[in-house]
Amino acid sequence: MPPILLAVDKTYAKGLMWFRRDLRVADNAALFQALRHCRQVVCAFVFDRALLDTLPRADRRVEFIRESLVELDRELRARGANLVVRHAVAEEEIPRLAHALDVQAVYCNRDDEPQALARDARVLGALANLGVSFHPFKDRAIFERDEVLKREGGAYAVFTPYKRAWLAQVGEADFAAHPVELEAGAFAAAPAALASGVPSLAEIGFAPTNLGTLEIPTGSTGAHALFDEFFERIDRYAVARDFPAVRGPSYLGVHLRFGTLSIRHVAGVAHRLSLQGNAGASSWLAELIWREFYFQVLAHRPDLAEGKSFRPEYDRIHWHHGKHADGLFDAWCAGRTGYPLVDAAMAQINQSGYMHNRLRMVVASFLCKDLGLDWRRGEAYFAQHLNDFEFASNNGGWQWASSSGCDAQPYFRIFNPVMQSQRFDPEGKFIRRYLPQLARLSNTSLHAPWLATPVELEAAGIKLGENYPRPIVDHAQARESTLARYAVVKERAGTAKK
């Protein structure tokens, strides 16, 4: 049933809609509010140099945004508007645009990542000096910040009770779309002098990537096509999601990250199917709730953005450092560890900007608990390379793997990379895709080439140490070292109980 909307007197003559992580027209909370409360609404996006200047000159995320903006601009033009696109420091450019356009209010959707909060605080101050109102809205989550709390108050630090509370609290109204089209008459075009179209990658200082070759769909059209395809197989998600060689995941992470798809739409579909007993939809909905769990953790623990462990005692761990540690890290980054599943996973992220969720856990555990390297090094690498990078989820996942985070795996749980490979890629299809040099090994030897006989290695054309590395660490020995390394945590816990 569509929402019943009461007539609203327009508060402002003109408003500015600032697109950020919400690159769509349909079901956009801030855009709907802007159209509803302003007689005219001009739309803008800023390629924020404060962020872009820190990135490599070829970045799939920048190209994804750029391609999605082309579609967004096309959608706006179909409604009589257009998109003002700037390449500047956003906290300076938005007040400048607000002044140039003579608007009385700026609308946007909230971004709770630490840098964004600091930026928005400065924008708020600058707009206030101009006499312009600033209106942020919730759009990237069903529940955020303080919306799901313990009965006694305070944030959840364990996922399962958070999930129970989330599911008990959610209702159909939480999935209701914001009917932008009902207010479409307020769309306005920016003056020609300000609307020069979406710049090319070269014009903002970036080079093309392999985004097109990878056939990653962009924009709202691509997002909905991808979701429709996932909907046809969502009932198999609970089982298929763990096997990297199978098309099990939704692959919607980058679209949720940049808002080309409404979280209300997809979570609503998953919730309704879950209530009908669809196990796959229930499993996927749980992943969406994990995302919001990490959002609320970060909202209540902003110090996590400063590199702090959620559990402070884990900051006492002594990780390997120095030249040898740097060499181990370089091998991990390049997929040269000698453990095929780990190496194939790193090849996947390096080639595509995507890594299967099961493999994210495997490679993170390997970095921290096999190589003895600080989880923050892996967190930073993922932040640089993942198309769907979100600070809260990335930080939460790495702290989970290193056992330092909220509701994390116990420190003594250490993934065996060979057993993970045998269990989740039994026929080696994923490994062979990303490590073709191992393709001729048998399914048995593929998971641990160093255990293959010399005859088999020769027949497969493999020379360990030459065209495929020997293991850079012995897992059994590394496990013992890790248990010793984490002893400082156990000792402190024991002292605290006395």
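We count residues from 1, following the sequence as given. Computed from heavy atoms alone, side chains included, the values below leave out hydrogens, waters and symmetry copies.
The six-membered or imidazole ring of Tyr251 lies near that of Tyr354, with a centre-to-centre distance under 6.0 Å. Aromatic ring centres of Phe227 and His255 lie farther apart than the 6.0 Å criterion allows. For Phe424 and His356, the gap between ring centers reaches or exceeds 6.0 Å.
Looking at every heavy atom in both residues, Trp375 comes nearest to Trp398 through O-CE3, 3.6 Å. In plain terms, the two heavy atoms of Phe134 and Cys108 that are nearest each other are CZ-SG, 3.5 Å.
Taking CZ of Arg433 as the reference point, atom CD1 of Ile431 lies at 13.5 Å (rounded to 0.5 Å). A distance of 10.0 Å separates OG of Ser283 from CG of Leu288, quoted to the nearest 0.5 Å. Note that CG of Asp343 is 14.0 Å distant from OH of Tyr434, once rounded to the nearest 0.5 Å. In this structure, the separation between CG on Asp48 and CD on Glu92 is 9.5 Å, given to the nearest 0.5 Å. With rounding to the nearest 0.5 angstrom, the CG atom of Asp139 is 6.5 Å from the OG atom of Ser262.
In this structure, Arg57 is positioned above the aromatic face of Phe206, its NZ or CZ under 6.0 Å from the six-membered ring centre and within 45° of the axis.
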Inset, instruction - Would you please test Asp326 and Arg377 for salt bridge (charged side-chain N to carboxylate O under 4.0 Å, His left out) and show each step? - result: CA-CA 10 Å; Asp326 292 345; Arg377 301 185 75 164; 3.0 Å; yes

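Look at Arg24 and Glu75 and you find no salt bridge, because none of the NZ, NE, NH1 or NH2 atoms lies under 4.0 Å from a carboxylate O. Taking 4.0 Å as the cut-off between side-chain N and carboxylate O, Asp111 and Arg21 count as a salt-bridged pair. Between Glu379 and Arg376 there is no salt bridge, since no side-chain N of the basic residue sits under 4.0 Å from a carboxylate O of the acidic one. Of the charged side-chain nitrogens involved, none lies within less than 4.0 Å of a carboxylate oxygen, so that Asp425 and Lys429 do not count as a salt-bridged pair.
Judged by distance alone, the side chain of Ser282 and the main-chain N or O of Asn278 form a donor-acceptor pair under 3.5 Å.
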In a table with atom names and distances, give each donor-acceptor pair under 3.5 Å that connects a side chain of residues 158-170 to protein atoms at least two apart or in another chain.
| unit_1 | atom_1 | unit_2 | atom_2 | d |
| --- | --- | --- | --- | --- |
| Trp166 | NE1 | Glu292 | OE1 | 2.9 |
| Gln169 | NE2 | Glu147 | O | 2.7 |

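Under 3.5 Å, the side chains of Arg358 and Gln420 contain a donor-acceptor pair of N or O atoms. Side-chain contact, Asn210 with Arg60: a donor N or O sits under 3.5 Å from an acceptor N or O.
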